[in-house]
Structure formats: C-alpha cells, structure tokens
Amino acid sequence: MWIIMSLMSAFFAGITSILAKCGIRKIGSNVAMAIRTIIILIFSLLIVFISGSFNLIHNITPKSLIFLLLSGVVTGVSWLFYFKAVSIGDLNKVAAIDKSSVVLSILFAIVLFKETDKLLIKLIGIVLILIGTIFMLERKQRYKDIKNNIYIVYAILSAIFAALTSILGKIGIDNIDSNLATLIRTFVILIISWIIIIVTKEYKSIFKIDRRELIFISLSGISTGASWLCYYYAIKNGIVSLVIPIDKLSIVVVVAFSYIFFNEKLSKISFIGLIFIVFGTIIMTF
C-alpha cells in the first residue's frame, strides 16, 4: 500500500505544478503560496475530521510534536531560500541545485535510519537520478556577474532544508496518524507563508486576483494537500529511501501534462535525463 501511496503522491505533485502554472500569471508566487497553503490547511482539516484522526491528538508525544513543528519550519525556510535564489539568480541552475535535495534525502535516510539494505543498488540509483536531474534542468547560460553567485549559496541551503524536511517528518510521525501530522505541519507553513507576504507587503495584491487564477490556485492547493497526505502515509509505513525516489516520478507527470496542455517538448538531452531519472527510480525499488 505504501508504494501505491508513493505513486499517488507523485501523481498529485505533478498535477500541482500544472495547476500552479495555470494560476500564477499575474500575481506573485509568494501570494499564490500563501493562498494555496490556506486551501491545503482546509483540505487537511476535512480529512482529519472525516477520518476521526482528530480524536488521536492526545496521543502526540512532545517529541513527535517538536519534530513535526521543526519539519514545518524547515519547509518554510527552504521556500524562503528558494525564492530568494530565484529572485536574484539563474532560475535553471537554482532548480537543478534544488532538485539535489532528493539525493540528500536518500543519503540522510540511509545514514540516520540505517536503511542499508541493497546499498549498492541505492547508490547506483542515486547517481542515475542526480545525472538525470542535471540533464533535465541544466541550460547553456553564462554568469553575467560573478558577484551574483551568492544565489548559489541560497539554492544549496534550499536543497539542504528540503532534504531535512522529509527526515524530520519521518521522525515526527513515528507514533501518530499521518493525516494529523500533515495538518500540524501545514499550519506551521501557513504561518510562515503569511509572515512572508506581510513583511514584503505583497498581501495588497490579494484583492486584485483574477477569478480564473484563484480557481487554479485553489485546485493546486487541493492537489498539494492530497500529495502530502499520500506522501506522509508512505514515509510513515514504508522505506524512506524508496518513497523519496518514487515521489520523484512526479516529473514524468509534469512532462506529460506540459506536452498535452502547453505543447512543451523536451530536448534530446532533457529526454535522456528523464530516462536516467525513471531508470534510477525503478532500480531503487527492487
């Protein structure tokens, strides 16, 4: 079941990117993130009450609560570094570095959770995924100003915190319902996201959002919530170093739907990169 939930997490994550692209056209990404987080929180609340998980809140230990809160904070910090890097640097290089969080997450899982079964296969998978990610996202662009290379530091920090998110989440939901864990983590991210737009004064643009964009942003939030619920069920009940690469298959969903709805075609080298990622993921599931 956790493998099926991992695949569903990848599917919903891929759909999220497509819906977000349809919705974020005139408004800033920070505002869209804040609105999406509200939708995710509402979605998470409904799931918690429907499943009866709210009655289990008394089972949360101080340790689990601390790690869940840390997971939410780390996610918010990761987004902060990511958007800072994007705002001042080369988007393609930032994205390529950010994707390395998958490799870091797997390495952390191997070291911290002792998931060393079939270690050689996992290491081969890591190498293939890393090569494929670089092929998918690398572009032939030159640096315009050496002084602006500070954005690389922000991108690396974003990847590190994104990797820590999965690890802290795994520790945090060890003894509690995954739906309840998702709700707590989402609440923390909501606070952080709204702090961002209040500090940057971007909240003023909320009242100018086009209705069509609002619909797509809301659908994106629902899709994100579904992805998180599936993902946290998977890492709670499955092998973290396998759940993470399976979740990486969301890129296949993005590529397929981008071609269908936006007529975006892969270059030869990007297609080779996609094959590397898929093949590396399949190898690690054996």
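Computed over heavy atoms, backbone and side chain alike; hydrogens, waters and symmetry mates excluded. This structure is a prediction, so every number in the text was calculated from the model and none was measured. One is the number of the first residue; the rest follow in order along the sequence.
Interatomic distance, I222 CD1 to R36 CZ, rounded to the nearest 0.5 Å: 11.5 Å. Considering CZ of F135 and CG of L130, their distance stands at 10.5 Å, rounded to 0.5 Å. A distance of 6.0 Å separates CG in L214 from CD1 in I35, rounded to the nearest 0.5 Å. The CZ atom of F43 lies 14.5 Å from the OG1 atom of T37; values are rounded to the nearest 0.5 Å. Put simply, CG on L104 and CD1 on I160 are 6.5 Å apart, with the number rounded to the nearest 0.5 Å.
A donor-acceptor pair under 3.5 Å is formed between the side chain of S223 and the backbone N or O of F12. Using modelled atom types, no side-chain atom of T186 and backbone atom of L41 make a donor-acceptor pair closer than 3.5 Å. Put simply, the side chain of S71 never gets that close to the backbone of F67: no donor and acceptor are under 3.5 Å apart. A distance-only check finds a donor-acceptor pair linking the side chain of S193 to the backbone of I189 [under 3.5 Å]. With hydrogens and angles ignored, the 3.5 Å screen pairs a side-chain donor or acceptor of T200 with a backbone N or O of I196. Here the side chain of S9 pairs no donor or acceptor atom with the backbone of M5 at under 3.5 angstrom.
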Open item on the list: Before you tell me yes or no, could you show the steps for T165 and T75 under side-chain hydrogen bond (donor to acceptor under 3.5 Å, both in side chains), namely the whole-Å CA-CA distance, both residues' side-chain angles and the distance that decides it to 0.1 Å?
Closed with: CA-CA 6 Å; T165 295; T75 301; 3.2 Å; yes
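Residues G221 and I40 come closest through the heavy atom pair O-CG1, 3.1 Å.
Proximity of I38 to W194: side-chain heavy atoms (C-beta onward) are separated by under 4.5 Å at one or more points.
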